[in-house]
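Quick notes on the structure that follows.
Everything quoted here is computed from the prediction, not taken from an experiment.
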Amino acid sequence: MKRLFTQFFIILLALFIMSLLIDSIKIETGLGLLVMSLTILLVSLILKPILLIISLPLNLLTVGLFSLVVNALLISIADSLVPGVDMGSFINALPTGFMIAILNHLVLKRSYS
C-alpha cells in the first residue's frame with residue numbers, strides 16, 4: 001500500500017512539474033490533477049503489464065527504450081478519460097512519461113532496496 005501511495009505521489013509531482021514546464025499541458029484544477037494522477041496509476045496497474053508483454057520484441061530491440069512509448073501511451077489513454085486535463089498531444093506525453101520513470105527510479109529504488 002505504501003508503494004502505491006508513493007507511485008501516486010510521484011505521478012502527481014511529475015504531472016505538476018511538466019504542466020509548469022510545457023505550456024500546452026493544461027490542468028484546470030487541483031482536483032483534475034488528483035484525478036489524472038489516480039487514473040494514470042490505475043491504467044498503469046491494469047494495462048501496462050499487458051502492453052509490455054505485447055511490445056516485448058520491440059523492447060528487446062530497443063534495449064528497453066520502447067517502454068517509454070508504452071508509458072506515454074498510458075498517459076494518453078488516461079488523458080482521454082479525465083475531463084479538465086489536456087496533455088496536448090502524444091509528444092507531450094513522452095517527456096511526462098520519462099519524468100515519471102526517472103522519479104520512480106530515484107525514489108522507489110532508494111526507499112525499497
Cluster overlap Leu4 with Leu15, hydrophobic side-chain contacts below 4.5 Å: yes
Distance in Å, Met87 CE paired with Ile27 CD1, rounded so as to fall on 0.5 Å steps: 7.0 Å
Residue pairs fulfilling side chain to side chain donor-acceptor pair (under 3.5 Å) with at least one residue in residues 58-69, sequence neighbours excluded: none
Heavy atoms from other residues, nucleotides or ligands near CZ of Phe9 exceed 12 (cutoff 6.0 Å): no
In one Ile/Leu/Val/Met/Phe/Trp/Tyr side-chain cluster, 4.5 Å: Phe5, Ile11: no
Heavy-atom neighbours of Phe8 CZ exceed 12 at 6.0 Å: yes
For Leu61, all residues meeting side chain to side chain contact (heavy atoms under 4.5 Å, CB included), sequence neighbours excluded: none
Distance-minimising heavy-atom pair for Ile10 and Ile100: CG2-O, 4.0 Å
Could you list the donor-acceptor pairs under 3.5 angstrom formed between side-chain atoms of residues 32-57 and any protein atom two or more places apart in sequence or on another chain?
unit_1	atom_1	unit_2	atom_2	d
Ser37	OG	Leu33	O	2.8
Thr39	OG1	Val35	O	2.7
Ser44	OG	Ile40	O	2.8
Lys48	NZ	Asn71	OD1	2.9
Ser55	OG	Leu51	O	2.8

Sequence neighbours excluded - side chain to side chain donor-acceptor pair (under 3.5 Å) pairs with any residue from residues 78-100: Ser24-Asn92
Beyond-backbone contact of Val70 with Phe66, side-chain heavy atoms, under 4.5 angstrom: yes
Where Ile22 and Pro95 come nearest, the two heavy atoms and their spacing: CD1-CG, 3.9 Å
Approximate separation, where rounding is to 0.5 Å, of Leu12 CG and Ile17 CD1: 10.0 Å
Leu58 side chain near Val69 side chain, heavy-atom distance below 4.5 Å: no
